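A short worksheet on the structure shown next.
Since the model is a prediction, treat every value here as computed from it, not as a measurement.
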Amino acid sequence: MDRPQTSHGNDETPRPWFDLQVNGGLGLDFNADDWDFDAADRVAEEWLEMGCRGLLATVITDSETAMQRRIRHVADWIEHSRLARQCIAGIHVEGPFLNADDGYVGAHPPRWTQDANPNTITRLVDAGRGHVKLWTLSPERDADAAMTRFLVDQNVVVGMGHCRGSLDDIQRSLDAGLSVFTHLGNGCPHRHDRHDHLINRVLSVGDRIKITFIADGHHIPFFALQNYVRCLPESQVIIVSDAMQAAGLSAGTYHLGDQVVYVDEHQAAWAEDRSHYAGSATLLPAMADKLLRAKIGTEEQIQMWIHDNPMQLIQS
């Protein structure tokens with residue numbers, strides 16, 4: 001079991017948190033088609049008891065029909081359930097406009113990736129009935145950043161991730177209103193140019209963009225994460241869980257949509273072929289505890305990274 005200590009300093013009250021990327025957790029999978037509202041309410045109640053002040057239910061790349069169905073189901077739950085409205089601050093659409101190349105695509109099915117276009121965006125936003133708050137796309141699949149501007153005009157926060165964008169691509173997207181990078185250090189291949197690579201490009205514009213990191217100790221080694229956050233203003237750092245169905249539970253076999261995910265004894269969540277991670281098996285409060293123990297930040301900094309900065313991004 002991976003339950004957080006949850007206390008905030010010496011206080012016994014839970015540490016408040018706001019998570020921009022939650023595929024599921026405690027047995028719930030937002031990318032499945034068979035979860036029911038009563039079971040989801042029980043998960044939401046536990047999240048709230050852990051200090052949740054809001055999270056974005058994340059729907060990842062699949063066929064457009066499946067994504068519409070899953071977005072609509074989350075929206076139905078939010079509108080049906082008082083507990084959901086207390087816990088769920090909106091929906092994060094991660095895909096399908098992502099780089100399909102090995103390494104960059106990560107746990108997203110390559111066959112369902114596509115170029116950004118207004119028809120798909122409009123149908124997916126409409127499925128969310130006003131609850132889509134964040135969209136992650138790849139700038140190289142968004143010609144001239146036109147769809148970034150389109151989403152910003154729809155009051156959707158736009159992030160980039162699972163991409164190999166050049167510095168020019170990144171600058172163009174920022175100029176179009178893009179404001180966050182999704183889980184830097186992941187969704188990229190193991191081998192790249194020693195200097196001109198995605199991580200360095202994004203860090204070079206760290207004064208213009210908020211950057212999210214998955215702090216489970218698996219997706220990024222803590223010594224590297226410490227280097228990254230030292231490069232950035234405190235106001236630009238956000239920690240996300242990327243939690244999936246197994247988060248908060250024991251090792252075993254779970255699912256992320258149609259994918260099988262194996263969680264090992266170290267709480268790393270692996271794709272079935274063990275070639276890459278498929279979400280995280282660690283909840284955000286437990287990540288805060290890990291960051292504190294690893295001395296990555298002070299209690300005040302960590303609180304900013306897990307609550308203040310993400311909440312400000314979505315609610316501003």
Side-chain angles (χ1 to χ4, degrees), residues 1-8 14-15 17-32 35 39-40 42-44 46-47 49-52 55-58 60 92 94 106-108 161 182-188 190 212-226 228-229 237-297 302 305-307 310:
M1 300 287 284
D2 183 21
R3 287 291 198 276
Q5 296 173 7
T6 71
S7 60
H8 185 199
R15 179 192 283 117
W17 52 275
F18 192 107
D19 196 340
L20 299 182
Q21 191 167 9
V22 179
N23 308 291
L26 302 172
L28 175 63
D29 178 12
F30 289 126
N31 289 277
W35 57 276
R42 291 191 290 273
V43 173
E46 189 160 357
W47 276 330
E49 289 174 356
M50 291 179 182
C52 177
L55 62 83
L56 298 187
T58 301
I60 70 168
H92 176 176
E94 189 184 8
H108 295 256
T182 296
H183 55 54
L184 187 66
N186 301 110
C188 58
H190 291 290
T212 77
F213 301 96
I214 304 170
D216 60 356
H218 302 296
H219 281 77
I220 308 173
F222 281 132
F223 78 88
L225 179 57
Q226 182 169 265
Y228 298 158
V229 301
V237 176
I238 293 175
I239 303 299
V240 296
S241 70
D242 199 21
M244 45 74 67
Q245 184 185 45
L249 303 179
S250 303
T253 302
Y254 297 90
H255 290 87
L256 176 60
D258 299 328
Q259 304 176 62
V260 174
V261 180
Y262 175 71
V263 177
D264 66 24
E265 67 274 19
H266 304 295
Q267 291 300 109
W270 293 96
E272 191 171 13
D273 65 3
R274 308 295 198 276
S275 66
H276 58 271
Y277 297 127
S280 163
T282 305
L283 296 167
L284 197 63
M287 289 188 180
D289 292 340
K290 289 174 181 280
L291 288 168
L292 201 58
R293 289 195 298 270
K295 300 181 179 179
I296 304 297
I302 292 168
W305 300 342
I306 69 167
H307 178 269

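Counting all heavy atoms, side chain and backbone alike, Q21 lies closest to T182 at OE1-CG2, 3.6 Å. Shortest non-hydrogen contact noted between Q267 and T282 is O-OG1, 4.4 Å. Of all the heavy atoms in W17 and M50, the pair that sits closest is NE1-O, 3.0 Å. Taking all atoms of both residues into account, the shortest heavy-atom contact from L283 to A243 is CD2-CB, 4.3 Å. Nearest heavy-atom pair across A269 and M244 is CB-SD, 4.2 Å. Smallest separation of non-hydrogen atoms from L291 and A215: CD2-CB, 3.9 Å.
The aromatic rings of F30 and W35 sit perpendicular to each other, their planes meeting at more than 60°, with 30° as the lower class boundary.
Side chain of T58 to main chain of V22: a donor-acceptor pair is present (N/O by atom type, distance under 3.5 Å, no hydrogens or angles). Using a distance-only test at 3.5 Å, with no hydrogens or angles considered, no donor-acceptor pair links the side chain of Q245 to the main chain of G25. Here the side chain of E46 pairs no donor or acceptor atom with the backbone of L26 at under 3.5 angstrom. Panel note: side chain H92, backbone L20; a donor-acceptor pair is recorded below 3.5 Å.
I214 has its side chain within reach of V240: a pair of non-hydrogen atoms, C-beta onward, lies under 4.5 Å apart. Side-chain contact between M287 and S241: present, with at least one pair of heavy atoms (C-beta onward) separated by less than 4.5 Å. Contact of the I296 side chain with the F213 side chain is not registered, since no non-hydrogen atoms from C-beta on lie closer than 4.5 Å. The shortest distance between side-chain heavy atoms of Y254 and D29 does not fall below 4.5 Å. Proximity of L292 to R15: side-chain heavy atoms (C-beta onward) are separated by under 4.5 Å at one or more points. Looking only at side-chain heavy atoms (C-beta outward), H255 and V260 come within less than 4.5 Å of each other. In this structure the side chain of Y277 never reaches within 4.5 angstrom of the side chain of D216, judged on heavy atoms.
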Does the pair V229 and W305 meet the rule for a side-chain contact (heavy atoms from CB on, under 4.5 Å), with working shown?
-> CA-CA 10 Å; V229 301; W305 300 342; 4.2 Å; yes

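L256 contributes atom CG, which lies 4.0 Å from atom CD1 of I60 (distance to the nearest 0.5 angstrom). Rounding to the nearest 0.5 Å places NE2 of H219 at 12.5 Å from CG of L225.
Donor-acceptor pairing under 3.5 Å is recorded for the side chains of N23 and D242.
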